Amino acid sequence: MASDPRFDVNEDGTAKNPIAFRQALREDTEKIKIIEEDPQLAEALLGDDTNAMQEVLKSVYQMSKVKAERDAKENENMTSVDKLRAHATVPRDPVVLYEGMLQAGLQYGPAFRLLTDVYVPDDVTQS
């Protein structure tokens, strides 16, 4: 699905067509719910002051840009193994892991069962 052109923004994060942008926000009930959680944000985005809306959009854009740059810099310093470890947060029982390997035809005797702390990513299903 193509994005709504009413939400198009300039390079600085401001709305290309502020009136259409505001109208599109007002028509989107999901976005309204989120915006109305912050009364000041709701006033700026849904009120009649176009300059205030543009300043908020610019500010949000700048914050997201800084966060993206910070995240990119953090990822730059991580090796691929570090990235995998950062996402592997769900503990797995090594005994169950070795039982699964045995069922797959891989037999590891007690002397070769060296795994003690096993973690997998959240999106890996337990089997």
Side-chain angles (χ1 to χ4, degrees):
M1 182 168 112
S3 65
D4 189 334
R6 298 178 297 175
F7 289 117
D8 287 350
V9 294
N10 297 308
E11 289 182 18
D12 66 352
T14 58
K16 285 188 177 182
N17 184 341
I19 295 168
F21 189 97
R22 180 175 282 128
Q23 187 60 37
L25 283 178
R26 289 175 177 164
E27 293 171 1
D28 190 324
T29 56
E30 292 301 312
K31 285 184 176 68
I32 290 286
K33 287 178 190 175
I34 295 167
I35 292 168
E36 288 180 339
E37 290 176 4
D38 182 338
Q40 289 178 320
L41 181 64
E43 176 60 32
L45 293 179
L46 304 174
D48 294 325
D49 187 348
T50 301
N51 289 332
M53 180 187 75
Q54 293 286 59
E55 287 302 314
V56 166
L57 292 174
K58 190 186 300 184
S59 174
V60 169
Y61 173 77
Q62 289 298 324
M63 287 188 299
S64 65
K65 188 175 174 183
V66 166
K67 183 184 180 321
E69 289 170 356
R70 184 176 55 239
D71 291 348
K73 188 169 186 145
E74 287 176 10
N75 282 337
E76 183 178 286
N77 296 328
M78 294 177 77
T79 65
S80 60
V81 172
D82 291 334
K83 290 176 186 176
L84 290 172
R85 283 184 184 143
H87 295 288
T89 58
V90 178
R92 242 359 236 274
D93 183 0
V95 173
V96 174
L97 181 69
Y98 282 113
E99 287 173 0
M101 285 191 260
L102 181 60
Q103 290 175 0
L106 300 170
Q107 185 173 0
Y108 290 91
F112 295 98
R113 292 186 179 197
L114 304 175
L115 297 177
T116 56
D117 294 321
V118 179
Y119 293 86
V120 296
D122 294 334
D123 57 355
V124 174
T125 57
Q126 299 267 348
S127 51

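This is a predicted model, so every value here is computed, not measured.
Within the 4.5 Å cutoff, no side-chain heavy atoms of Gln40 are placed close to those of Glu43. Put simply, the side chain of Lys33 reaches to within 4.5 Å of the side chain of Glu30, judged on heavy atoms.
Rounded to the nearest 0.5 Å, atoms CG (Leu97) and CD (Glu99) are 9.5 Å apart. With rounding to the nearest 0.5 angstrom, the CG atom of Asp8 is 9.5 Å from the CG atom of Asn17.
In this structure, Leu102 stands alone, with no Ile, Leu, Val, Met, Phe, Trp or Tyr side-chain heavy atom under 4.5 Å from its own, directly or through other members. Annotation for Leu41: hydrophobic cluster partners, listed by chain and number, are Phe7, Val9, Phe21, Leu25, Ile32, Ile35, Leu45, Leu46, Met53, Val56, Leu57, Val60, Met63 (ILVMFWY side-chain heavy atoms under 4.5 Å, direct or chained).
Under the 4.5 Å side-chain heavy-atom criterion for Ile, Leu, Val, Met, Phe, Trp and Tyr, Met101 and Phe112 are members of the same hydrophobic cluster. Transitive grouping of hydrophobic side chains (ILVMFWY, heavy atoms separated by less than 4.5 Å) brings Leu115 and Leu106 into a common cluster.
Pro18 and Gln54 get closest at one heavy-atom pair: CG-NE2, 3.4 Å. Taking all atoms of both residues into account, the shortest heavy-atom contact from Gln62 to Asp12 is NE2-O, 4.5 Å.
Between the side chain of Asp93 and the main chain of Val95, a donor-acceptor pair closer than 3.5 Å is present.
Gln23 and Glu27 are linked by a side-chain donor-acceptor pair at a separation below 3.5 angstrom, with hydrogens and angles left out of the test.
Under a 4.0 Å N-O distance rule, the pair Asp48/Arg26 qualifies as a salt bridge.
Annotation: Glu69, atom CD; neighbour count of heavy atoms from other residues, nucleotides and ligands within 6.0 Å is above 12.
Sorted by first and then second residue, the ring pair (Phe, Tyr, Trp, His ring centres under 6.0 Å) pairs with a member in residues 45-104 read Tyr98-Tyr108; sequence neighbours excluded.
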